[in-house]
Amino acid sequence: QVQLVESGGGLVQAGGSLSISCSASGGTFSTYRMGWFRQAPGKEREVVASINGNSILRYYTDSVKGRFTISRDNAKNTVFLQMNSLKPEDTAVYYCAASKGGMIRTVATVDYWGQGTQVTVSS
C-alpha cells in the first residue's frame, strides 16, 4: 500500500554533515506520520526522529537533539533527515518509517518500512 525508498546514505567524517531522504508512494502521504529509525550491528532498532503530517510536531531522541533535523515536503511525498555534527556512534542503517496512526516513537507504531540506507561516520 505504501512504499518507502531511502537515498543519500554514505560515508562521512566525524563532525561532517549528511542529508538523507525518503520518497513515499501509495496512500495519502500528508496523512501519515513519518519517522527515521536506525540500527547498528548488534543493537536494537531505535527511533531517531519523527514528524506529523503538517510538520507542526517533531520528535527527536536525546542523542541527536540539536544535531539532526527532520522535515517533510508533502508536495513531493518526501521526508528528509539533515544530520550535522556527525559522530561515529551515529553509524547505522537508517530506515524510513510511516505510521497510519499516532506519532512515531517506537517500532510498534510503524506500519511501513523502507529498505534502509547505510550511514557510516569515520573518525
Side-chain angles (χ1 to χ4, degrees):
Q1 186 172 353
V2 174
Q3 295 79 47
L4 306 173
V5 180
E6 301 94 336
S7 62
L11 176 65
V12 63
Q13 291 185 342
S17 297
L18 193 67
S19 181
I20 56 177
S21 63
C22 171
S23 178
S25 61
T28 303
F29 181 74
S30 63
T31 68
Y32 291 99
R33 283 73 169 176
M34 301 297 297
W36 289 96
F37 289 74
R38 65 187 181 188
Q39 188 166 24
K43 294 185 176 292
E44 295 182 350
R45 189 171 299 189
E46 63 174 352
V47 66
V48 176
S50 60
I51 188 168
N52 77 335
N54 60 9
S55 300
I56 297 298
L57 300 176
R58 291 177 171 89
Y59 166 82
Y60 300 95
T61 193
D62 286 345
S63 63
V64 309
K65 286 181 179 177
R67 300 190 297 120
F68 291 11
T69 302
I70 188 170
S71 62
R72 67 192 293 163
D73 186 341
N74 288 344
K76 297 181 178 179
N77 288 5
T78 303
V79 63
F80 306 90
L81 186 67
Q82 177 66 48
M83 300 178 286
N84 299 325
S85 301
L86 282 161
K87 305 174 181 179
E89 52 262 44
D90 295 318
T91 296
V93 177
Y94 283 70
Y95 295 92
C96 182
S99 171
K100 296 184 292 185
M103 194 73 167
I104 293 174
R105 289 188 176 88
T106 68
V107 295
T109 65
V110 175
D111 293 301
Y112 306 100
W113 293 98
Q115 292 297 114
T117 186
Q118 177 71 47
V119 173
T120 302
V121 183
S122 65
S123 300

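Positions are given from 1, in the same order as the sequence printed here. Quantities reported herein were computed from a predicted structural model and do not represent experimental measurements.
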Shared hydrophobic cluster, [X] / [Y] (ILVMFWY, side-chain heavy atoms < 4.5 Å):
X	Y	answer
Tyr94	Val110	no
Tyr59	Tyr95	yes
Tyr112	Met34	yes
Val12	Val93	no
Leu18	Val79	yes

Please report the closest heavy-atom contact between [X] and [Y], naming both atoms and the distance.
X	Y	result
Ser19	Gln82	CB-OE1, 3.4 Å
Asn84	Ser17	OD1-OG, 2.9 Å
Thr78	Ser21	CG2-CB, 4.1 Å
Ala98	Leu4	N-CD1, 3.8 Å
Glu6	Trp36	CG-CZ3, 3.7 Å

[atom2] on [Y] to [atom1] on [X], rounded to 0.5 Å:
X	Y	atom1	atom2	value
Ile104	Leu57	CD1	CG	12.5 Å
Cys96	Phe80	SG	CZ	11.0 Å
Gln118	Leu11	CD	CG	9.5 Å
Ile51	Arg33	CD1	CZ	12.0 Å

Under 3.5 Å, which donor-acceptor pairs link side chains of residues 22-31 to any protein atom two or more places apart or in another chain?
from	atom 1	to	atom 2	distance (Å)
Ser25	OG	Gln3	OE1	3.2
Thr31	OG1	Thr28	O	2.7

Are any of the side-chain heavy atoms of [X] and [Y] separated by less than 4.5 Å?
X	Y	value
Ser99	Asp111	yes
Arg38	Leu81	no
Met103	Thr109	no
Trp113	Arg45	yes
Phe68	Thr61	no

State whether the side chain of [X] and the backbone N or O of [Y] hold a donor-acceptor pair below 3.5 Å, judged by distance alone.
X	Y	value
Arg105	Ser50	no
Tyr60	Ile70	yes
Asn52	Ser55	yes
Thr91	Val121	yes

More than 12 heavy atoms of other groups within 6.0 Å of Gln115 CD: no

Glu89, CD atom: more than 12 neighbouring heavy atoms under 6.0 Å: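 Above 12, so yes.
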
CA sep, side-chain torsions, deciding dist, call: Lys87, Asp90, salt bridge (Lys or Arg N to Asp or Glu O under 4.0 Å): CA-CA 5 Å; Lys87 305 174 181 179; Asp90 295 318; over 6 Å; no

Side chain to side chain contact (heavy atoms under 4.5 Å, CB included) assessment of Met83 paired with Ile20: CA-CA 8 Å; Met83 300 178 286; Ile20 56 177; 4.0 Å; yes

